[in-house]
Number of protein chains: 2
Amino acid sequence: MTVIDVHTHMYPPAYMSLLRSRKNIPYVCSFPDDPSAGDRLVILPAEDTASTSRGRPIGPEYFDVNEKLTFMRNHGIDVSVISLANPWLDWLPSSEAAKVARTVNDDVERMCMEHEGKLYAFGTLPLSAPVEQVTAEIRRLAGLKHHRGIVMGTSGLGSGLDDPALDPIYAAIEENEQLIFLHPHYGLPTSVYGQRASDYGHVLPLALGFPLETTIAVTRMLLSGVWDRHPKLQVLLAHSGGTLPFLAGRIESCIAHDAHLKKEGKLHNRRDVWDVLKNNIYLDAVIYGDVGLKAAVEASGADRLMFGTDHPFFPPLGEGEDEWLSVQLNTQAVHSAFGDDQKAADAIMGSNAKRVLRLPD
Amino acid sequence: MTVIDVHTHMYPPAYMSLLRSRKNIPYVCSFPDDPSAGDRLVILPAEDTASTSRGRPIGPEYFDVNEKLTFMRNHGIDVSVISLANPWLDWLPSSEAAKVARTVNDDVERMCMEHEGKLYAFGTLPLSAPVEQVTAEIRRLAGLKHHRGIVMGTSGLGSGLDDPALDPIYAAIEENEQLIFLHPHYGLPTSVYGQRASDYGHVLPLALGFPLETTIAVTRMLLSGVWDRHPKLQVLLAHSGGTLPFLAGRIESCIAHDAHLKKEGKLHNRRDVWDVLKNNIYLDAVIYGDVGLKAAVEASGADRLMFGTDHPFFPPLGEGEDEWLSVQLNTQAVHSAFGDDQKAADAIMGSNAKRVLRLPD
């Protein structure tokens, strides 16, 4: 069995330099007066305090390819399809974005070349750049030997993935047979977690904010007709679709009962969520339990799920632990859900990714 | 097979009078100059426009018990456990709340008595009243012949269900062996749906806002230790738990990996989400599809799911349709998920509710 991790992040050196040069989100800060604080990565508004414990520690696991390879060895992972971690390049000034994207993507391609057969990648688009620069980067990425798709957040050009202005970008992605890896970053407004949220550490934004953001983003894509206009567009959803497999029935019922959509004539000739789940959506298996994993498989099919780890996020809390609980939970979920169906387990652990991402044997 | 609907709403006459007397959310308005507009119910901020099509139409299906009985007959429902629809009494001034709660609960009890054996109810608490008036109403409800629990929104005393000030109320509910029916109302801030949300009618707030609100509320309860302090507290979650069954694995993983919770010593001696799902949580089967329903059953057990309709919300869009698609979807989901296990289907359609709510044979 080949084990392929399709959800695993890195900040390559070019991107790290950029983060270190900044003072606003996203940024990496050091505290020369308090070296014990270490370097800290701040990517969410809720983490951006004045304290030396702001954000989260950032060490070589984020940017040193040898740490990735060690992690893979420790967990029996044969191939990693790495993607830039959030917040990608969404925040760059328009005039700089295309150049930074090329530099970052080339840096990732170099890492993959240096570890031939072990590393592939999803590239990053300069979405704040003029649209023709974005589509040029899509075509360029399609020609890079180790790139297999594009990682994308939920903001698109700034107002979400249901923005009609994204159509030429979706068209270029579809035409170049690239897979979008849709990943959350912005979460939900912190007000929804209430006044005691900080008592619970980062649990609420990480456990709920991310998957709920993904669910909203993909439902907006569906409602705006992205897959009606781009019937071959393929999207891999992070965290097993957020909550899409569980809520698909409710989404369909709410559409069918909506008086406004009926009045606008939008209830006919539309592709429904079940159709899109089975023909346009892939789901990673980053769900940490067999209940959710089985629902994801029921919704999309065992041929559309792909193992992932979310490395280097969710490391062990104890010093020197080689095996990560978060990874064990994802692996156990596959074996628990498909213990008696080795073919389905193999498909999710690696053979689906090999087929979908056209990886060599 | 007895079919019992545990998720079905009414505004009894006393509550309707109150809504008709108001001009701010929640309210019912009429348009004497434009009778074709009919009466309109406005309960969500996003619906509160200046137009005669604000909110949603409100007809006798919301307040006439004969409409409820006709609906039950048309869908083969033997027993309905009715609850006040949102936003309940959360918004009442403190000094009026207890009296209004008694009036409304007594009005509902009267309806149940007039249709003996067909109607039972979840009562409503005057949560804005002094706590001793709230606990007094809990004790009084426990003595009403047709009341079987308490419907509650997610705001609690104003700052959520993880508020320690709710402890005496939870204790009284636990002591009186009442079931909390936890139901969403407030949704999410409209900003999360983006600038094109109104193109999609009410789909985003109804399909996603409600279940995501429930998921956040119940996760906050878990993290604040409500079930550690009240180990027998039983809560029935609307809409199959929002998305809790699907996200339970991720919630547990995020807790286990949280440095703040570890530092505070909160990772030991806590009841985890799987334990609570199987011992303290019941789920309605208002999920409109077998994928979600199966996940709910996997998470809580087939003995903890109970059929519901959400009547009178989600009526047919065509005039004169007797059978409601929304109800058919929920019924079909049970039979599709448990076609070969009649005992499990019967349990979900009625026998679980009969046992849990102590309904007569």
Exercise. Using a heavy-atom distance cut-off of less than 4.5 Å, which residues of residues 291-303 of chain A contact chain B?
Worked result: A:V291, A:G292, A:K294, A:A295, A:A296, A:E298, A:A299
Problem set entry | A:L182 vs A:M221 side-chain heavy atoms within contact, under 4.5 Å | yes
Exercise. Can you say whether B:T154 sits under 4.5 Å from chain A via the side chain, the backbone, both, or neither, judging by heavy atoms?
Worked result: neither
For this session: Please report the closest heavy-atom contact between B:L222 and B:V276, naming both atoms and the distance.
Result: CD1-CG2, 3.8 Å
Problem set entry | Residue among A:A217, A:G289, A:A256, A:S253 with most heavy-atom pairs under 4.5 Å to chain B | A:S253
Seminar exercise, completed: From the list A:R56, A:R40, A:R54, side chain to side chain donor-acceptor pair (under 3.5 Å) with A:E47 holds only for A:R56
Problem set entry | Side chains of A:S336 and A:D290, donor plus acceptor under 3.5 Å | yes
Exercise. Do you know which of B:R220, B:E213, B:H239 has the most heavy-atom pairs under 4.5 Å to chain A?
Worked result: B:R220
For this session: May I ask you to test the A:P45-A:Y186 pair for a side-chain heavy-atom distance under 4.5 Å?
Result: no
Seminar exercise, completed: If one checks every heavy atom of A:W274 against chain B at 4.5 Å, the contacting part turns out to be side chain
Problem set entry | Among the listed options B:S198, B:G242, B:G249, the residue most often paired with chain A at heavy-atom distances under 4.5 Å | B:G249
Seminar exercise, completed: Against chain B, residues from residues 326-335 of chain A with at least one heavy atom under 4.5 Å, in numeric order, are A:S326, A:L329
Exercise. Heavy atoms, side chains only, cut-off 4.5 Å: are A:L161 and A:Y170 in contact?
Worked result: yes
Exercise. How long is the gap from OG1 on B:T309 to CG on B:D5, to the nearest 0.5 Å?
Worked result: 3.5 Å
Exercise. Do B:L188 and B:Y193 come close enough that some side-chain heavy atom pair is under 4.5 Å?
Worked result: yes
Problem set entry | Contacting moiety of A:S240, where chain B heavy atoms sit under 4.5 Å | both
Problem set entry | Pairwise distance CG(B:D199) to CG(A:D162) - rounded to 0.5 angstrom | 8.5 Å
Exercise. Chain B: which of A:V192, A:D258, A:V203, A:L208 shares the most heavy-atom pairs with it under 4.5 Å?
Worked result: A:D258
Exercise. What part of A:L247 is in contact with chain B, defined as an atom under 4.5 angstrom from a non-hydrogen atom: side chain, backbone, both or neither?
Worked result: side chain
Exercise. Rounded to the nearest 0.5 Å, how far does CG of A:L223 lie from CG of A:D228?
Worked result: 10.5 Å
Problem set entry | Which residues share a side chain to side chain donor-acceptor pair (under 3.5 Å) with B:T219, sequence neighbours left out | none
For this session: Give me the ring orientation class for A:F71 and A:H75: parallel if the planes are under 30° apart, tilted from 30 to 60°, perpendicular past 60°.
Result: tilted
Exercise. Where on A:L261 is there a heavy atom nearer than 4.5 Å to chain B: the side chain, the backbone, both, or neither?
Worked result: side chain
Problem set entry | B:D167 backbone acceptor or donor facing B:R229 side chain under 3.5 Å | no
For this session: State, with a plain yes or no, whether a side-chain heavy atom of B:V273 is found less than 4.5 Å away from one of B:L244.
Result: yes
Problem set entry | Heavy-atom pair count under 4.5 Å with chain B, highest-scoring of A:D163, A:V286, A:L204, A:L267 | A:D163
Exercise. Given side chains that start at C-beta, do those of A:Y288 and B:E252 come closer than 4.5 Å, heavy atoms only?
Worked result: no
Exercise. Looking at B:E264, B:K262, B:Q195, B:R250, which has the largest count of heavy-atom pairs under 4.5 Å with chain A?
Worked result: B:R250
Seminar exercise, completed: Answer key: most heavy-atom pairs under 4.5 Å with chain A among B:P316, B:A259, B:P245 is B:P245
Problem set entry | Atom group of A:F210 that falls short of 4.5 Å from chain B, counting heavy atoms | side chain
Exercise. With sequence neighbours excluded, what pairs up with B:K266 under the salt bridge (Lys or Arg N to Asp or Glu O under 4.0 Å) test?
Worked result: none
Exercise. So does A:K278 have more than 12 non-hydrogen atoms from other groups sitting under 6.0 Å from NZ?
Worked result: yes
Exercise. So which of A:S53, A:A207, A:G160 has the biggest tally of heavy-atom pairs under 4.5 Å with chain B?
Worked result: A:A207
Seminar exercise, completed: Among B:G209, B:A197, B:G194, the residue with the most heavy-atom pairs under 4.5 Å to chain A is B:G194
For this session: Name the member of B:I251, B:L325, B:L212 that forms the most heavy-atom pairs with chain A at distances under 4.5 Å.
Result: B:L212
